[in-house]
Every structure is written in C-alpha cells, then in structure tokens.
Amino acid sequence: MSEGERVMASSGKELRCLQINVDRGRLAMDFMLQVVRERDVNVVLGPEPCKVDGGFIRDRSDDAFIWLAPGVGARSIHRDRGFVAAELDGITLVATYFSPNKSTAEFKAWLGRLEGYVRRRDSRRVLLAGDLNAKSGRFGSAMTNAYGRVLEE
C-alpha cells in the first residue's frame with residue numbers, strides 16, 4: 001500500500017490519494033476502506049479489485065479500480081481493458097493492471113492504448129497508478145523482464 005500522495009485539484013481542493021493492490025481479496029478491500037476512514041483519504045487507485053459494490057469505478061475487464069469519496073465528483077469516466085480513468089477538476093486519475101500471464105505483444109498493444117489515452121489529455125495533469133507486472137533495474141527491480149524491457153524503450 002502506498003499512501004500519502006497529496007494532489008491539488010484546480011479548484012484548490014486537496015486530494016489525499018492511496019494506491020493499493022488488494023489482490024482480489026475481500027479482507028484487503030475491507031482493510032483499505034478502514035484506512036480510508038482513519039486517514040481521511042478521498043481517492044483510491046488500484047489493481048485487482050474483488051467483487052464489491054460501493055462507489056468503485058472499474059475498468060472493462062474488472063482488473064483496475066478507482067474509488068472516490070462522496071463529494072469528489074468525476075467530470076467523466078473512461079473505461080478500457082486494463083485501465084480506468086476519472087477526470088476531475090484539473091487532474092486525470094488513471095488506475096491500471098496488466099496480467100503477467102499475457103504475451104509481450106499484448107502488453108505492447110495495451111501500453112499503446114494507455115499511452116494514447118494519456119497523451120490525449122493535452123496539458124492536463126495525470127496521476128497514473130497500478131501494477132504493470134513490469135520489472136527493470138532502471139526502476140529499482142533486482143531483475144528485468146520482457147514487460148520491463150518494453151517500458152525501458
């Protein structure tokens with residue numbers, strides 16, 4: 001779990017963001033909601049949600065989610081396979097997940113869709129969080145895998 005990122009919306013409202021991979025577990029989702037309450041978090045981005053209701057914005061393949069606290073409204077939502085985005089006031093939030101069980105060609109195609117979406121945001125700020133299952137020494141991993149090599153390019 002990664003917490004503490006504070007992002008300022010153009011309205012001047014501070015967004016307290018949390019990133020968590022709940023690994024499709026109900027207990028992890030419950031823990032996440034407890035942390036949200038205790039630490040006054042109003043945005044959560046993550047991969048691998050479990051099946052729960054309650055304000056979760058999910059991608060088309062049910063692999064990534066964004067949760068927004070009441071009062072944090074999205075101007076628009078974009079759902080794709082492996083990522084979901086919520087456009088707020090002055091910032092776009094993107095949650096991602098890519099399975100380690102897919103081919104490198106599938107990863108490149110998915111990454112192209114994600115990159116295309118982000119580039120179309122023009123001058124908007126984008127906060128991207130998730131799990132790409134990419135490993136590279138360039139970004140702190142002890143090893144490099146095929147997905148990591150693609151990102152290095």
Side-chain angles (χ1 to χ4, degrees), residues 1-9 13-89 91-104 106-118 121 124-136 138-148 150-151:
M1 178 170 27
S2 172
E3 188 239 331
E5 186 68 33
R6 294 170 190 241
V7 178
M8 196 66 77
K13 181 176 181 175
E14 181 181 83
L15 300 176
R16 295 204 53 192
C17 302
L18 169 75
Q19 177 186 355
I20 184 171
N21 186 338
V22 294
D23 201 23
R24 303 196 194 281
R26 178 63 197 190
L27 289 176
M29 289 291 271
D30 290 345
F31 175 68
M32 177 202 78
L33 293 171
Q34 182 64 32
V35 169
V36 162
R37 285 188 294 275
E38 289 175 359
R39 299 189 182 169
D40 198 29
V41 171
N42 50 16
V43 173
V44 181
L45 301 104
E48 300 186 281
C50 71
K51 305 279 186 192
V52 296
D53 295 324
F56 290 87
I57 305 164
R58 299 168 183 272
D59 72 312
R60 287 184 176 174
S61 53
D62 208 28
D63 286 331
F65 72 92
I66 297 172
W67 176 85
L68 302 173
V72 179
R75 291 181 177 206
S76 68
I77 305 292
H78 176 83
R79 290 179 174 89
D80 203 316
R81 292 178 322 280
F83 72 93
V84 61
E87 293 195 20
L88 306 181
D89 186 22
I91 189 164
T92 300
L93 308 171
V94 183
T96 67
Y97 177 74
F98 194 83
S99 171
N101 301 316
K102 295 183 179 181
S103 72
T104 304
E106 290 172 296
F107 182 72
K108 286 179 181 180
W110 174 82
L111 194 59
R113 286 194 322 274
L114 176 61
E115 180 182 10
Y117 175 78
V118 169
R121 304 294 55 90
R124 291 181 61 93
R125 297 179 309 153
V126 175
L127 176 65
L128 188 133
D131 184 355
L132 286 82
N133 283 296
K135 296 174 175 55
S136 170
R138 284 191 166 166
F139 36 90
S141 183
M143 61 173 281
T144 299
N145 66 7
Y147 297 171
V150 169
L151 284 180

Counterpart residues, side-chain hydrogen bond (donor to acceptor under 3.5 Å, both in side chains), relative to Tyr117 (two or more places apart)
Glu87

Mind checking whether Phe98 and Trp110 have parallel, tilted or perpendicular rings, split at 30° and 60°?
tilted

Spacing of Gln34 atom CD and Arg39 atom CZ [to the nearest 0.5 Å]:
10.5 Å

How close do Ala86 and Ile77 get, counting heavy atoms only, and between which atoms?
CB-CD1, 4.0 Å

Nearest 0.5 angstrom please: Arg121 CZ to Thr92 OG1, how far?
5.5 Å

By ring-ring contact (aromatic ring centres under 6.0 Å, His included), which residues pair with Tyr97, not counting sequence neighbours?
none

What residue pairs, at least two apart or across chains, pass salt bridge (Lys or Arg N to Asp or Glu O under 4.0 Å) with a residue in residues 93-102?
none

Is a side-chain N or O of Arg81 found less than 3.5 angstrom from the main chain of Asp59, in a donor-acceptor match?
no

Heavy-atom pair with the smallest gap, counting every atom of Ala95 and Ile66:
CB-CG1, 3.8 Å

Any salt bridge between Asp89 and Arg75, counting N to O under 4.0 Å?
yes

Contact check, side chains of Val44 and Val35, non-hydrogen atoms, under 4.5 Å:
no

Donor-acceptor contact below 3.5 Å, side chain Arg26 vs main chain Cys50
no

Any donor-acceptor pair under 3.5 Å from Asn145 side chain to Tyr147 backbone:
yes

Any chance you could measure Phe83, atom CZ, to Leu132, atom CG, to the nearest 0.5 Å?
11.0 Å

Any idea which heavy atoms bring Val22 and Ala28 closest together, and the distance?
O-CB, 3.5 Å

Closest non-hydrogen atom pair between Trp67 and Pro70, with its separation
CZ2-CD, 4.5 Å

Using a strict 4.0 Å threshold on nitrogen-to-oxygen distance, state whether Asp63 and Arg24 make a salt bridge.
yes

Show your reasoning for whether side chain to side chain contact (heavy atoms under 4.5 Å, CB included) applies to Leu93 and Leu68.
CA-CA 10 Å; Leu93 308 171; Leu68 302 173; 4.0 Å; yes

With a 4.5 Å limit on heavy-atom distance, are the side chains of Leu127 and Leu15 in contact?
no

Ile20 and Met29, any side-chain heavy atoms less than 4.5 Å apart
no

Can you find a pair of side-chain heavy atoms, one from Leu111 and one from Leu151, that are under 4.5 Å apart?
yes

So CG of Asp62 and CZ of Arg79: to nearest 0.5 Å the spacing works out to 10.5 Å

What's the shortest heavy-atom distance between Gly82 and Ala64, and which atoms?
O-CB, 4.2 Å

Of the non-hydrogen atoms in Val94 and Ala85, which two are nearest, and what is the gap between them?
CG2-CB, 4.0 Å

Any chance you could measure Leu18, atom CG, to Asn42, atom CG, to the nearest 0.5 Å?
10.5 Å

